[in-house]
A.B. asks: 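Can you read through this structure? Questions will come right after.
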Amino acid sequence: MKIKSWVIVVGLFLPLIASAAESGITDEGIAYIAAAAAVGLSTIAGGIAVGLVGAAAMGAVGEKPEISGKALIFLGLAEGIAIYGLIIAIMILGKVG
């Protein structure tokens with residue numbers, strides 16, 4: 001399933017990159033698309049991770065209330081995925097200038 005997803009992503013972006021010189025798409029435009037993709041995909045992945053980790057954490061806290069602090073740490077790690085994507089987007093946009 002993962003390989004199929006990568007094939008779809010490459011299939012969508014490869015024609016865009018290949019036709020960039022012909023259609024007037026500039027490097028700046030591709031940088032904006034890359035920044036948007038970094039934020040969008042990392043936010044989706046972060047949401048999925050928070051959903052899965054949060055459900056498991058609440059189940060564990062229901063059985064052992066003393067591990068609620070550890071559960072919050074794991075939720076914070078899952079939310080970090082979205083923050084990393086935002087940082088990458090800021091770095092990309094910083095290079096566009």
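Heavy atoms only: backbone and side chains are in, while hydrogens, waters and symmetry mates are out. On a predicted model such as this, the values are computed, not experimentally measured, just so you know.
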A.B. asks: Which donor-acceptor pairs under 3.5 Å do side chains of residues 33-42 form with protein atoms, sequence neighbours excluded?
C.D. replies:
from, atom 1, to, atom 2, distance (Å)
S42, OG, A38, O, 2.8
S42, OG, V39, O, 3.2

A.B. asks: Roughly how far, to the nearest 0.5 Å, is OG1 of T43 from CD1 of I83?
C.D. replies: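 Reported value, rounded in 0.5 Å steps: 10.0 Å.
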A.B. asks: For residues 64-73, tabulate all N or O donor-acceptor pairs below 3.5 Å that involve a side-chain atom, not counting sequence neighbours.
C.D. replies:
none

A.B. asks: What pairs of donor and acceptor atoms, side-chain ones from residues 45-56 against any protein atom, are under 3.5 angstrom apart with sequence neighbours left out?
C.D. replies:
none

A.B. asks: For M58, give me all partners under side chain to side chain contact (heavy atoms under 4.5 Å, CB included), at least two apart in sequence or on another chain.
C.D. replies: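 Partners of M58 by the side chain to side chain contact (heavy atoms under 4.5 Å, CB included) criterion come out as none, since no residue qualifies.
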A.B. asks: Shared ILVMFWY cluster between L75 and L77, side chains joined below 4.5 angstrom?
C.D. replies: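 Result: yes, single cluster for both.
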A.B. asks: Output all residues satisfying side chain to side chain contact (heavy atoms under 4.5 Å, CB included) with Y32, sequence neighbours left out; order by chain, then residue number.
C.D. replies: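 In terms of side chain to side chain contact (heavy atoms under 4.5 Å, CB included), with neighbours along the sequence ignored, Y32 is linked to E28, L93, V96.
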